[in-house]
2 protein chains.
Amino acid sequence: MAGFVSHFTNRLDAKGRVSIPAPFRAVLARDGFEGLYCISSSHCQAVDAGGNELLAEIEKRSEAFAKLSPDHDALAVALFGASENPKVDGDGRMTISDMIREHTGITDQVTFVGMKYKFQIWEPEKFREYRAEAQKRALAMLSGQSPASSGGEPV
Amino acid sequence: MAGFVSHFTNRLDAKGRVSIPAPFRAVLARDGFEGLYCISSSHCQAVDAGGNELLAEIEKRSEAFAKLSPDHDALAVALFGASENPKVDGDGRMTISDMIREHTGITDQVTFVGMKYKFQIWEPEKFREYRAEAQKRALAMLSGQSPASSGGEPV
DNA sequence: TGGGTTCTTATGGGATATCATGGGAAATCA
DNA sequence: TGATTTCCCATGATATCCCATAAGAACCCA
């Protein structure tokens, strides 16, 4: 499988529920995580979501510091305090919590963006802006470092 | 096998399906990838498609950055947010998504262009234009012109 | 070499399954 | 007990599966 890829926009219903895109559910099922792991992104108005693979990545971060140390505590609060573990109902829907609403500005629609090992949850319009920016940035990053691709993509 | 070579133009049916050329299907079968991996090209109105070999190429690009960092996120959105993982039905057909339609301008016909480790999906007329340009460029490169002459980004 | 035969391939279309979404009813919480 | 959450079912739209067919390519055998 190719992990979380592509992006989808779904509607919130009157009860605050939204369908997680079916292809993403398939990836989560394979990952084996119970429900969904969510954590507010520290550098943009989106929420990171995923399963064990994302969680492992987060944990790796705090492992760099000795447990019980002030640094570790601070990081743990920042990371896990900003986390949630929403349930997924039998029809593959999650409810958007107040925390997610506040952090993302989501009102009636949700955009899910695949990022391979995780996906992000965005307010659609904010995502469009971020995406345009990300594309510019990606182009700059890739032409800066990749060995052979600056002068026109090799066939 | 020689990878994806030659090019083919097939018709879209009323349901938005199109047959992937049989020689390409043979290459994909050997590659072993589930379905098809597609990603919008950042520098022309085409979609890159392939299997594990293409995916590995894409993944290599983001490996240079630490996961969860702003750089990695931006790259992942640009790359994997613009990717898809379409199924291939029992008759070797894929459906052309809205994302591909918008990016390529495809309406009723699709041109598949072999590029060895991947192939591209084009609107036929746009491909003809691009091809004429590419041939000129190739000629210049082969006859030893300075690579700087590739200056004008095509399309 | 020629001509018939079989396979493969692209394409069409009907039947079926899946998905996103809505809403009622039961369960849970405060 | 009132409000919210969870579970379950309904529905329309879309996607998928499966089979049919026609044209062309490959094959075969005299």
Side-chain angles (χ1 to χ4, degrees), chain A residues 1-2 4-30 34-36 38 49 84-102 106-114 119 121-124 127, chain B residues 1-2 4-30 33-38 47 49 83-102 106-114 119 121-124 127:
Chain A
M1 246 289 192
F4 302 104
V5 296
S6 191
H7 64 274
F8 307 87
T9 298
N10 289 338
R11 218 185 326 275
L12 273 169
D13 69 14
K15 298 180 184 174
R17 301 173 299 185
V18 64
S19 290
I20 299 168
F24 288 8
R25 296 196 314 250
V27 178
L28 287 169
R30 171 177 297 225
E34 176 78 9
L36 188 65
C38 289
E84 285 183 2
N85 197 351
K87 291 183 186 67
V88 178
D89 75 18
D91 300 324
R93 287 181 284 198
M94 65 180 288
T95 52
I96 298 296
S97 68
D98 288 345
M99 184 203 89
I100 296 183
R101 255 176 231 273
E102 278 161 32
I106 285 170
T107 57
D108 62 329
Q109 288 198 309
V110 182
T111 297
F112 298 84
V113 185
F119 62 92
I121 295 173
W122 283 88
E123 189 283 320
F127 169 63
Chain B
M1 246 289 189
F4 304 104
V5 295
S6 186
H7 66 273
F8 308 86
T9 298
N10 289 338
R11 218 185 328 274
L12 273 169
D13 70 14
K15 297 180 184 175
R17 300 174 298 186
V18 64
S19 290
I20 298 168
F24 289 8
R25 295 197 313 250
V27 178
L28 287 169
R30 166 178 299 231
F33 191 76
E34 175 81 6
L36 187 65
Y37 181 74
C38 290
V47 170
S83 297
E84 287 184 2
N85 197 350
K87 291 183 185 66
V88 178
D89 74 18
D91 301 321
R93 288 181 286 198
M94 64 179 290
T95 52
I96 298 296
S97 68
D98 288 346
M99 188 200 86
I100 296 183
R101 256 176 231 274
E102 278 162 31
I106 285 170
T107 57
D108 61 330
Q109 288 199 309
V110 182
T111 296
F112 298 85
V113 184
F119 62 92
I121 295 173
W122 284 87
E123 190 282 320
F127 171 62

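Side chains included, hydrogens not; waters and symmetry mates left out as well; all remaining heavy atoms used.
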_Residue that, paired with A/Phe8, satisfies ring pair (Phe, Tyr, Trp, His ring centres under 6.0 Å) out of A/Phe127, A/Phe112, A/Phe24, A/Trp122_ = A/Phe24
*Establish, with yes or no, whether the OP1 or OP2 oxygen of D/dT16 is under 4.0 angstrom from a side-chain nitrogen or oxygen of B/Lys87.*
yes
*Answer yes or no: side-chain N or O of A/Asn10 and base N or O of C/dC19 forming a donor-acceptor pair under 3.5 Å.*
no
*Would you say C/dA20 has OP1 or OP2 under 4.0 Å from some side-chain N or O of A/Arg25?*
yes
*A/Ile96 CD1 to D/dT4 P: how many Å, rounded?*
18 Å
*Quick one: B/Asp108 CG to C/dA10 P, roughly how many Å, whole number?*
18 Å
*Given atom CG of B/Asp89 and atom C1' of C/dT16, what is their separation to the nearest angstrom?*
14 Å
*Minimum-distance nucleotide (side-chain atoms of B/Arg17 versus C/dG22, D/dC17, D/dC19)*: D/dC17
*Got a donor-acceptor pair under 3.5 Å from the side chain of B/Lys15 to the base of D/dT16?*
yes
*Determine, for A/Arg93 against A/Asp91, whether the closest basic-nitrogen to carboxylate-oxygen distance falls under 4.0 angstrom.*
yes
*Can you check the B/Phe8 CZ to D/dA25 P distance for me, whole Å?*
12 Å
*asked:* Once you apply a heavy-atom cut-off of 4.0 Å, does A/Arg93 come out as touching a base, just sugar-phosphate, or nothing?
replied: base
*Between A/Arg25 and A/Ile20, what is the shortest heavy-atom contact and its length?*
NH1-O, 2.7 Å
*Rounding to a whole Å, what distance do you find between B/Asp91:CG and D/dT21:C1'?*
12 Å
*Interatomic distance where CD1 belongs to A/Ile20 and P belongs to C/dT18 [whole Å]*: 19 Å
*Nearest whole angstrom, please: distance from the P of C/dA10 to the CD of B/Gln109.*
14 Å
*asked:* Quick one: does any side-chain atom of B/Asn10 pair with a main-chain N or O of B/Val18 as donor and acceptor, under 3.5 Å?
replied: no
*Where is the tightest heavy-atom contact between B/Thr107 and B/Arg101, given as atom of each residue plus distance?*
O-NH1, 3.7 Å
_By the 4.0 Å heavy-atom rule, please label B/Asp13 as base, sugar-phosphate, or nothing._
sugar-phosphate
*Between B/Leu36 (CG) and D/dT16 (P), how many Å, whole number?*
13 Å
*Which part of the nucleic acid, if any, lies within reach of A/Arg11 when heavy atoms closer than 4.0 Å are counted: base, sugar-phosphate only, or nothing?*
sugar-phosphate
